[in-house]
Amino acid sequence: MMSMKKTLVQTKANTLSDKKGTTGISKMFTKRSIKTFSLITVMSAIVLIILAPVFYMVMMSFRSRKEIMLDPLNLPSELHFSNYVKVVQDMDYLGAIINTVGITVSSIVLVALISSLAAYPLARIKNKWTNLIYIFFMLGMVIPPFAALTPLYLFIRDLGLLDSYIGLILVYTVGNLPLGVFFYTSFMKSIPRELEEAAQLDGASFIKTYWYIIFPMLKPITGTLAIFVTLSCWNDVINPLLFLTTESKLTIMPAVLRFLGTYSVDPTQLFPAAVLASLPLLCVFIVLSKQVVSGMTAGAVK
Amino acid sequence: MKLDKRLYFLIPAVLLYLAFTIYPLISGISLSMTEYAGVGEGKWVGTENYEEIFSDQRYIQVLKNTVFYAILVVVFQNGIGLVFAALLNSLPQVRNLFRTALLVPSMLSLVIAGYIWQYLYSPIGGGLNEVLAAIGLSSLQQVWLGDSNIALISVAAVHVWMFVGYSTAIFLAGYAGISSEIKEAAQLDGVSPIKAFFYIDIPLLAPAITVNITLATIGTLKSFEFPFIMTSGGPDYATMTLGLKIFTLIFQDFKYGMAAALSVVMILLVALITIVQNSYLRAREDKI
């Protein structure tokens, strides 16, 4: 520790002396900037290569079948929006998007309410029972969602909830409960109790305290949770395929899967469908990229 | 003793969790001891399903494929992600822009990425072989998904491509927690950047490494979308993974008992790997 402080003092001394000797600093500056410049160039090239398949997807989506056959690797000669028009009509794109948004929003609301409600006692009452229940929920975070799929399917079937939005929303809600409980409990532990204690002294019931004092303070973590739930619902295929049978009820990704099938080779269908299916989420990502990035890495590093 | 009324708030969560997570998990174990096609009563077969999993060559190959796939993805996704993060951390001018750009593939869904790459990999007119031809590397052209020697690696490469930005973002979050003073001090003491990376960055990034490895392991073990869309598990079972096998048992073969047994194996595998990883990685973290 002492030696580190010493080096720090030296750091300051060095930078000061550097400022006096102009030749030294300009030499260092150019050497550094060349290195930085070349590093940026290398990284830019890598980023472009990684993004190339995404550009490829967009580019291909505007090309006609004939163009692609004659010259597989080129820019579109003109923008063939007809590809898009056909896909939108053939796979009931808007219907699938509406289904996805409805199911996602319902799941977010339910997960947020149920898990924040549960987190309130878990964060505020400290005894071995609440601790045990917390661990019990955390188990759900490591169990792969695949694990209980077959029995869950049979259970939902026996409840008569197959092919209903309610069944799928329930599955998503419960699937995300452990994450919600984890997020809210750790977040709530970090906010001071004074406000809720004051509310209780004023005679507010617990439920009122929760709704008017606690829940509003959980906004930032609710946003993060919403990002996670949105990603998991939007990109999921297996649950809708399993729990919904009517084609028109499907969410976007299974709808794309049904539309294209496997071994699909028709690029004039494949690429417009791919662009259309990823566009809404990509737009959200670009607009809210800061929040999404901090949300995705939240809790990852402490 | 009076019960704290706030405990009632636990009821909805606990009930739902018991009914839709714990109950299916437990009934999955009994289901795995049966032969059940979805109608009528299941036939009790004891441990037969498990015996089949651990003796049938096909199932053994599925387990091998899954573990190999997971190792490939975990090593490359995090190795490359770590290097990217180290480079970007030293380039504050472009750090946020490039981090966002690298995350774009992970915003596509597995299904969409699977479709794009299925086409990119296709032997005739596929983007990858065309690019190789265009830059004069025709000798490197492959039947990427049709050759059983490389198909699983091709599929794993797509996984790495898609999520390397996610690993990078988590490592960058880890870097943000390392004080710049330590690095400056090392720099002034004449420690080379490479040495600093191994002796300062990596130890201090231990929590981020733990998170990244755990996320990548769970992510690969449960994914089935890529082999499903790109290869359907072929050629000759080369890309059949645990997730895809369970998927086909449910959707095509209607062998619910077998699917449940394989799910139990998957839980055990995930549990085993996470416990080993965490005890090792956390122990490393504590040492630091």
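We name chains A, B, ... by the order of the sequence lines, and we start the count at 1 in each one. Only a predicted model underlies this, so the values are computations on that prediction, with no experimental measurement involved. Values below: every heavy atom of this structure, side chains too, minus hydrogens, waters and symmetry copies.
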Side chain from CB out, backbone as N, CA, C, O: work out which of these in [X] comes under 4.5 Å of a heavy atom of chain B, or both, or neither.
X	value
A/L177	side chain
A/T130	side chain
A/I125	side chain
A/L242	both
A/V292	side chain
A/S289	side chain
A/I133	side chain
A/I252	neither
A/L149	side chain
A/P178	side chain
A/L159	side chain
A/M57	side chain

Point-to-point distance, once rounded to the nearest 0.5 Å, from [atom1] of [X] to [atom2] of [Y]:
X	Y	atom1	atom2	value
A/W234	B/M107	CH2	CE	13.0 Å
B/T21	A/L152	OG1	CG	7.5 Å
A/N235	B/L110	CG	CG	7.0 Å
A/L139	B/I22	CG	CD1	7.0 Å
B/L31	A/L154	CG	CG	6.0 Å
A/L279	B/I112	CG	CD1	11.0 Å

TODO: Starting from the C-alpha separation in whole Å, work towards a yes-or-no answer on side chain to side chain contact (heavy atoms under 4.5 Å, CB included) for B/L16 and A/L170.
DONE: CA-CA 9 Å; B/L16 282 173; A/L170 255 177; 3.6 Å; yes
Options [options], ranked by heavy-atom pairs under 4.5 Å with chain A, top entry:
options	answer
B/P12, B/S32, B/G243	B/G243
B/R6, B/R99, B/Q187	B/R6
B/V164, B/L205, B/I116	B/I116
B/A101, B/A260, B/A113	B/A101
B/F251, B/Y8, B/Y36	B/F251
B/A13, B/S90, B/S122	B/A13

Task: Chi angles and distances behind the side chain to side chain contact (heavy atoms under 4.5 Å, CB included) call for A/L260, B/V111 - done: CA-CA 11 Å; A/L260 294 174; B/V111 173; over 6 Å; no
Student check: side-chain heavy atoms of [X] and [Y] closer than 4.5 Å:
X	Y	answer
B/F98	A/I46	no
A/I238	B/E225	no
B/Y115	A/V256	yes
B/L128	A/Y56	no
B/P105	A/L51	yes

Most heavy-atom pairs under 4.5 angstrom with chain B, which of [options]?
options	result
A/S205, A/P121, A/A148, A/A119	A/P121
A/I50, A/T173, A/D236, A/I114	A/I50
A/V181, A/L48, A/I207	A/I207
A/I156, A/L39, A/L281	A/L39

Smallest separation among heavy atoms of [X] and [Y], with atom names:
X	Y	result
B/P24	A/P151	O-CG, 3.1 Å
B/L103	A/F285	CB-CZ, 3.6 Å
B/F247	A/L241	CZ-CD1, 4.1 Å

Task: Stepwise side chain to side chain contact (heavy atoms under 4.5 Å, CB included) check, B/V94 with A/M43 - done: CA-CA 9 Å; B/V94 291; A/M43 258 334 267; 5.8 Å; no
Name the region of [X], side chain, backbone, both or neither, that has any atom closer than 4.5 Å to a heavy atom of chain A.
X	answer
B/I250	side chain
B/L18	side chain
B/L7	both
B/L88	side chain
B/V265	neither

Do the ring planes of [X] and [Y] sit parallel (below 30°), tilted (30 to 60°) or perpendicular (above 60°)?
X	Y	answer
A/F206	B/F9	perpendicular
A/F136	B/Y17	perpendicular
A/F271	B/Y119	perpendicular

TODO: Test B/F228 against A/V237 for side chain to side chain contact (heavy atoms under 4.5 Å, CB included), laying out the working first.
DONE: CA-CA 11 Å; B/F228 176 59; A/V237 274; over 6 Å; no
Open item on the list: So for atom OH, which belongs to A/Y134, do other residues, nucleotides or ligands contribute more than 12 heavy atoms lying within a distance under 6.0 Å?
Closed with: yes
